[in-house]
Amino acid sequence: MAPRTVLAVLFDGLQSLDVTGPLEVFAGADLLSPGAYRIRTASLDGAPVRTTSGLTLVPDESLTGAKDPDILLIPGGPGTLRPDPRLVDWVRERGPRAARLVSVCTGAAVLAGAGLLDGRRATTHWAYCDRLAREHPAVEVDPDPVYVRDGHISTSAGVTAGIDLALALVEEDLGRDAALTIARHLVVFLRRPGNQAQFSAQLAAQTAHREPLRDVQRWITDHPDADLSVDTLADRARLSPRHFARAFRAETGMTPGRYVDRVRLEHARRLLEDTADGVEEIARTSGYGTPEAMRRAFVRTLGTPPAEYRRRFRPATTP
């Protein structure tokens, strides 16, 4: 089989990990399966570019001289927020020719500027989702997932999400075992599914200002199997249930019930990924009570039941 060519677009003001993260995945896949991928980099004039971290990257060629790749990778960074019009024009012309068109972080802004995301679902770094939706109303922006695949176009959230997406592409090409081997080598022990949230519950929610509410947040995280009803949590915060629910939402950005749901889901996911505990025990210790209740939560949020989630995202040998 001919190598799949990967072309990474370089420009001043890109975030270096948006390029090096995915390319390390494809390079690792090529070591594992020699000849699987051929990696190239290109800038507008073939000149070196400066990244946000101060690194200088020297491309292999100019974009005008580059052949159409199988995978075209557009990284993110401040350089995408006011991109060179020549770059947008090149992506508009050449992007549709790639078998797979991939953006990392704010690279989605370049795709949107080229009109390639119109009518499609896409994501980007959480901090720029509102801006992407406002500037490109024809794009269906989803701020939650780690990555989104819509046809041959894939967009990913900030920084390390590009690694998750690259691993998903490698799994599609070379199989699950290859993707897991590369993930372990990069010390990315487990691959996140695309519909996993960009944030953990603790990061997605703001930290409450008042100590009683912060204590409740910590208590929920440490005791997912406890009675976490609003009445019980309000009693712990020494507030009335109504006052507690209103204050919790105001200070964290989400309702107590939604916060509890996220914490329990994350707890169950970690146990499925990192332990050999049975589904019934995990359901109990995560606060679901029954395997069926946990299954419904997984299908509703992640689109897959617990057993399938474990099969896909637990390493063959648990550390």
Side-chain angles (χ1 to χ4, degrees), residues 126 142-147 164 176 180 189-208 210-319:
W126 62 268
D142 190 339
D144 197 44
V146 172
Y147 59 83
D164 295 297
R176 175 176 178 270
L180 280 174
F189 290 107
L190 300 165
R191 292 166 298 116
R192 293 180 291 178
N195 55 358
Q196 182 172 319
Q198 293 191 32
F199 283 136
S200 67
Q202 290 83 354
L203 289 177
Q206 306 163 40
T207 300
R210 285 179 280 181
E211 179 56 35
L213 296 181
R214 290 200 300 270
D215 175 71
V216 167
Q217 287 182 288
R218 290 191 293 266
W219 173 261
I220 293 170
T221 301
D222 293 340
H223 302 87
D225 58 337
D227 176 4
L228 300 179
S229 65
V230 169
D231 286 349
T232 299
L233 296 176
D235 185 62
R236 185 171 187 84
R238 297 180 181 177
L239 298 171
S240 71
R242 178 176 294 182
H243 186 190
F244 168 77
R246 185 168 58 247
F248 191 95
R249 182 167 188 170
E251 295 199 18
T252 68
M254 64 175 64
T255 65
R258 181 168 173 77
Y259 188 84
V260 168
D261 287 345
R262 288 200 173 196
V263 168
R264 283 176 167 162
L265 186 72
E266 287 173 14
H267 187 267
R269 277 187 22 247
R270 285 195 296 270
L271 292 179
L272 288 168
E273 294 165 357
D274 299 337
T275 76
D277 295 349
V279 170
E280 186 171 349
E281 182 180 357
I282 292 174
R284 179 179 55 78
T285 59
S286 300
Y288 289 109
T290 67
E292 177 57 24
M294 185 170 78
R295 189 193 71 81
R296 288 197 300 268
F298 267 68
V299 171
R300 180 175 62 250
T301 307
L302 300 178
T304 186
E308 175 63 14
Y309 182 91
R310 167 171 272 173
R311 188 192 71 79
R312 287 179 56 82
F313 300 108
R314 183 186 173 206
T317 302
T318 301

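- For T285, the side-chain hydrogen bond (donor to acceptor under 3.5 Å, both in side chains) criterion is met by no residue, not counting sequence neighbours.
- Of all non-hydrogen atoms in D222 and P224, the two that sit nearest each other are C-CD, 3.5 Å.
- With sequence neighbours left out, V260 forms a side-chain contact (heavy atoms from CB on, under 4.5 Å) with I220, L228, L233, R264.
- Under the side-chain contact (heavy atoms from CB on, under 4.5 Å) criterion, R258 pairs with M254, T255, R262, sequence neighbours left out.
- Annotation: side chain of I282 is in contact with side chain of L272 (closest heavy-atom distance under 4.5 Å).
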Which pairs of donor and acceptor atoms, one on a side chain in residues 235-246, lie under 3.5 Å apart (sequence neighbours left out)?
residue: R236; atom: NE; partner: D215; partner atom: OD2; Å: 3.1
residue: S240; atom: OG; partner: H243; partner atom: N; Å: 3.1

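- Partners of D227 under the side-chain contact (heavy atoms from CB on, under 4.5 Å) rule, at least two apart in sequence or in another chain, are S229, T232.
- Rounding to the nearest 0.5 angstrom, the gap separating the OG1 atom in T221 from the CD atom in E266 is 8.0 Å.
- Each ring-ring contact (aromatic ring centres under 6.0 Å, His included) pair with one or both residues in residues 273-302, not counting sequence neighbours, appears once here: F298-Y309.
- Here the closest heavy-atom approach between residue V279 and residue M294 is recorded as CG1-CE, 3.5 Å.
- Interatomic distance, OG1 of T301 versus CG of D261, reported as 7.5 Å (0.5 Å rounding).
- Counting only residues at least two apart or on different chains, the salt bridge (charged side-chain N to carboxylate O under 4.0 Å, His left out) pairs with a member in residues 284-300 are E292-R295, E292-R296.
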